[in-house]
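Worksheet for the structure shown next.
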Amino acid sequence: MAILERITRNIDNRFWDPGSEAFPVKNRYTAGMAGQRFFKEIKENGKIFGSKCQSCKITYVPARIYCERCFERLEEWVDVGTEGTIYSFTVVYKTKSGKPKESPSIIVAVKIADGLLIHRLNGCSVEDIQIGMPVKAEFKPKAERRGGIEDIKYFKPL
Amino acid sequence: MRKVAIVGAGMTKFVRRALETPKELAYEATKTALDSCDLRLEDIDCVAHGSAPDAFDGIHQKGEYLADGCGGWNKPTMRVYVGGGTGVHAIIHGWHHIASGMFDTCLVVCEEKMSSAMPHAQGFFLTIFDAITERSLHPNLLWIFALEMNRYMQRYGYTKEDMALVAVNNKRNGLKNPASQFKDEVTVEDVLNSEIMAYPVSRLDVSPVSDGAAAIVLAAEPVARRLTDKPIWIEGVGWTLDTAYWGTRDLYYPRYLDKAARMAYEMAGIREPAKQINIAEPYDPFGYKALHHMEGLQLSPRGKTVELLRDGHFALDGNLPMCPSGGLLGVGNPIAAAGTMKVCELFWQLRGEAGERQVPGNPRLGVAQAWGDLMQVSSVVVVGN
Amino acid sequence: MQEKVHVSGGTALSEQDVHSGEIFMTEDSLDCAFAWDTGVAINRYLTELKNGRIIATECRHCNRIMLPPRLFCELCFKPSSGWVYINDTGVVNTFSICHVHWDASRIKEGEKPYLPAVIEIDGASAGMGIMQLLGEVEPEKIKFGMKVKAVWKPENERTGSITDIKYFKPI
């Protein structure tokens with residue numbers, strides 16, 4: 001049978017749609033050892049911290065507990081300021097499900113020390129944005145900060 | 001094929017919910033393993049890492065995410081995945097890297113952070129069932145274990161009390177393990193009185209949900225001899241997958257393990273495993289599984305395993321200690337990491353470094369095994385000093 | 001020689017820690033769904049279930065009647081040889097009485113437990129079990145080797161799904 005048996009008309013092909021029996025699960029992620037301290041600095045002091053590997057001469061942002069190159073523990077935390085430069089950017093015109101957005105949003109990779117932070121850019125038109133442009137983090141008011149990346153509202157041009 | 005040795009091992013504590021991110025857990029285990037043999041990351045040629053379903057940690061492409069925490073930055077790195085079998089399979093995977101002559105040193109790292117899964121890690125197993133012919137019955141993972149356990153008990157006339165002895169044995173051993181997530185001894189009554197989840201499985205018959213990581217360092221013979229005067233040799237490896245039509249199998253006997261074990265013993269030149277093996281670390285996510293696997297590993301005659309267990313044959317000071325680490329029931333079950341933990345344990349045991357839980361009499365040969373996917377895979381590693 | 005460290009890291013968080021607001025966490029759900037093509041063999045299987053019949057495939061090389069039906073025999077890797085109707089009766093190979101839902105939450109007091117079983121359908125080769133539910137039976141009366149028969153949904157309620165069989169009941 002099988003070798004010769006085929007579904008030849010699309011209309012005969014059935015699929016199984018579990019409908020309401022989808023996959024109602026979610027995930028909860030801890031910020032981790034480094035993240036715990038990194039986000040505490042953002043939440044309480046409005047500061048961005050990196051961790052520095054002396055031997056590899058790299059300052060990781062966001063801070064980490066280890067250097068991925070030499071595998072040493074990183075003990076030295078450095079305040080890297082709240083400014084950086086646009087390393088790259090993209091302009092998003094559609095939502096996750098593919099529908100047009102009301103207004104385009106700009107997503108930037110901001111280079112701070114040797115790391116990149118992915119975030120939104122505000123206060124800049126799509127025409128004016130340039131790679132290499134200096135930008136600054138705009139934080140939410142302290143009372144609204146929860147200890148996450150959303151404590152930074154967006155980056156804006158300097 | 002070149003001879004391959006384990007030269008270092010390390011792990012995190014297993015906990016119900018860890019503060020560390022998956023990468024950080026992997027780092028802690030990996031760093032501990034490297035430090036244990038005084039190696040630095042630059043001495044490592046390649047990385048074999050493993051993790052069970054991405055869904056637990058909630059990170060797709062988890063291998064790629066995890067790589068730098070496993071020491072994989074800028075190195076040949078490969079992830080292996082065979083569900084629960086991953087922890088031992090990753091070691092076979094690392095063994096290939098070195099035995100082939102391609103590399104001299106290899107890090108093997110396995111990690112799992114099941115606490116990320118909400119509301120319960122159980123829910124994430126939904127999709128392992130066939131979407132069309134099984135899932136609309138609303139199955140949960142316990143069903144297949146319960147069905148297998150019931151069939152196993154019925155086949156040999158074992159009772160729930162017999163099965164509870166495994167949890168008692170393994171949890172008692174686990175109390176001596178500093179990595180264990182448990183603090184209390186349990187009795188047969190405790191197990192029997194714990195609430196029924198899916199008959200015949202009660203809550204204490206089941207290993208817990210855990211976060212953790214474990215790592216070992218493998219080296220080719222000449223390197224191993226230079227690094228340590230106590231290398232632990234990988235004497236044999238074996239692995240087999242059975243059909244995914246699990247309803248078609250004899251649920252009372254793990255045929256796939258039988259084959260994998262014989263493959264590993266043949267390579268190791270072992271003719272009478274029950275007499276020659278000194279320590280066994282069978283995979284024990286459920287109490288009955290340890291016994292089921294002891295039979296598959298040819299370490300106990302079929303249907304006689306409970307008798308041997310009752311006689312103390314498998315106790316820490318018995319003829320063939322079973323799960324001296326405490327196993328998944330006694331230490332914790334961060335899926336992939338739990339399998340690797342079993343090989344870490346054999347490494348420490350065969351070097352005489354297992355502290356309070358050291359098996360007496362200078363054990364020489366040990367076997368570790370993990371099992372997974374849709375109850376169809378077994379990975380076996382035989383090690384010796 | 002200095003004693004080497006075996007265990008490091010694995011910082012335990014308690015339930016209080018989780019709800020203290022001191023531990024930074026994010027939650028996310030995938031918000032996506034799947035739909036699966038049934039394929040040739042299962043397509044026919046479901047169609048026949050809708051008709052109130054169970055169909056299997058045969059492998060003449062291995063002399064097996066295979067259920068669920070499949071396009072190829074996984075033992076000899078040859079295409080299946082043909083279709084065979086089999087009975088809607090069978091034998092309980094093994095069973096469980098399950099008191100928890102899919103997400104490990106317990107069923108409510110008074111709610112009936114799930115009764116999953118592996119059933120070897122009459123007409124399929126020995127040992128060819130499928131997972132199904134049992135019904136119209138007290139949990140404590142379920143026996144290994146018990147003969148059972150499919151209880152079908154009324155014809156107009158069948159949708160071409162394995163749930164067109166409500167459950168199997170003892171005969």
Side-chain angles (χ1 to χ4, degrees), chain A residues 2 7 12-43 49-75 77 96 114-116 118 147-149, chain B residues 17-28 30-35 39-44 47 54-60 66-75 107 113-127 129-139 211:
Chain A
I7 290 177
D12 294 334
N13 192 24
R14 299 169 58 148
F15 69 92
W16 179 256
D17 180 356
S20 61
E21 295 164 26
F23 201 44
V25 289
K26 60 180 179 177
N27 286 98
R28 181 194 275 161
Y29 308 88
T30 57
M33 304 299 273
Q36 189 66 23
R37 182 162 165 199
F38 179 75
F39 288 118
K40 195 163 184 148
E41 290 290 350
I42 288 182
K43 180 175 180 246
F49 268 76
S51 54
K52 189 169 184 180
C53 178
Q54 286 291 1
S55 48
C56 298
K57 307 263 178 287
I58 292 174
T59 302
Y60 293 100
V61 178
R64 312 177 184 180
I65 61 164
Y66 62 93
C67 173
E68 66 186 21
R69 304 193 174 198
C70 68
F71 235 51
E72 287 308 310
R73 266 177 216 284
L74 301 180
E75 313 282 356
W77 281 57
K96 205 163 63 171
D114 298 311
L116 288 180
I118 309 294
I149 197 68
Chain B
R17 182 185 300 280
L19 172 60
E20 285 91 342
T21 60
K23 269 183 208 241
E24 290 174 343
L25 286 170
Y27 172 76
E28 292 291 350
T30 310
K31 179 72 174 153
T32 309
L34 283 172
D35 285 350
L39 284 182
R40 292 188 302 173
L41 190 58
E42 65 189 44
D43 303 318
I44 297 296
V47 176
D54 290 355
F56 290 142
D57 292 45
I59 298 163
H60 278 284
L66 212 52
D68 60 79
C70 302
W73 180 78
N74 215 17
K75 290 188 193 300
L107 263 171
K113 187 163 181 181
M114 298 173 72
S115 67
S116 305
M118 303 271 289
H120 192 280
Q122 269 275 325
F124 288 75
F125 283 113
L126 257 185
T127 47
F129 289 96
D130 188 287
I132 301 161
T133 61
E134 288 172 348
R135 218 177 114 179
S136 33
L137 301 176
H138 302 282
D211 295 351

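These numbers come from the heavy atoms of this one structure, side chains and all, not from hydrogens, waters or symmetry mates. So you know, we letter chains A, B, ... as the sequences are listed, proteins then strands, and number each from 1.
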Side chains of residues 59-68 of chain A: which donor-acceptor pairs under 3.5 Å do they make with residues two or more places apart or in other chains?
{"from": "Y60(A)", "atom 1": "OH", "to": "E68(A)", "atom 2": "N", "distance (Å)": "3.4"}
{"from": "R64(A)", "atom 1": "NH1", "to": "E68(A)", "atom 2": "OE1", "distance (Å)": "2.8"}
{"from": "Y66(A)", "atom 1": "OH", "to": "D68(B)", "atom 2": "OD1", "distance (Å)": "2.5"}
{"from": "Y66(A)", "atom 1": "OH", "to": "G69(B)", "atom 2": "N", "distance (Å)": "3.3"}
{"from": "E68(A)", "atom 1": "OE2", "to": "W73(B)", "atom 2": "NE1", "distance (Å)": "3.4"}

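- Applying the salt bridge (charged side-chain N to carboxylate O under 4.0 Å, His left out) criterion to D114(A), with sequence neighbours excluded, gives no partner residue.
- For chain A, the nearby part of A18(B) is the backbone; its heavy atoms alone come within less than 4.5 Å.
- Q36(A) touches chain B through its side chain: at least one heavy atom from C-beta onward sits under 4.5 Å away, while N, CA, C and O do not.
- Applying the 6.0 Å contact sphere to NZ of K52(A) captures no more than 12 heavy atoms from other residues, nucleotides or ligands.
- Of the two parts of E42(B), neither the backbone nor the side chain holds a non-hydrogen atom closer than 4.5 Å to a non-hydrogen atom of chain A.
- Neither the backbone nor the side chain of K75(B) comes within less than 4.5 Å of any heavy atom in chain A.
- Neither the backbone nor the side chain of L25(B) comes within contact range of chain A, judged by heavy atoms closer than 4.5 Å.
- For the pair A31(A) and F39(A), the tightest heavy-atom approach, listed with the atom from each and the gap, is CB-CD1, 3.9 Å.
- When each of D57(B), L34(B), N74(B) is checked for heavy-atom pairs under 4.5 Å with chain A, D57(B) comes out on top.
- In terms of modelled atom types and a separation under 3.5 Å, the side chain of Y27(B) and the main chain of R73(A) share a donor-acceptor contact.
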